[in-house]
Amino acid sequence: MNWRALFKPSAKISILALLIIGVVVGVVGYFALRNPLMILIKIINLR
C-alpha cells in the first residue's frame with residue numbers, strides 16, 4: 001500500500017470519508033439506541 005497517496009490532501013476524498021463515517025456512526029447509533037429501547041418496552045409489556 002502507498003501511504004503517501006492515501007495521506008495526500010484531497011478535498012473530495014476527505015469530504016466523502018467524513019460523510020461515510022457520519023452515516024456509519026448514525027446508523028450504528030440508531031440501532032444501538034433503538035434495540036435496548038425495544039427490549040425495555042417488551043419487558044415492561046410482559047409485566
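Everything quoted here is computed from the prediction, not taken from an experiment.
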Measuring from atom [atom1] of [X] to atom [atom2] of [Y], what distance do you get when rounded to the nearest 0.5 angstrom?
X	Y	atom1	atom2	value
I15	I20	CD1	CD1	12.0 Å
I44	I39	CD1	CD1	12.0 Å
I21	L16	CD1	CG	11.0 Å

Check your understanding: Are I43 and M38 joined in one hydrophobic group, where the rule is that I, L, V, M, F, W and Y side chains link up if heavy atoms are under 4.5 Å apart?
Key ->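 They do not share one cluster, since no chain of ILVMFWY contacts under 4.5 Å joins I43 to M38.
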
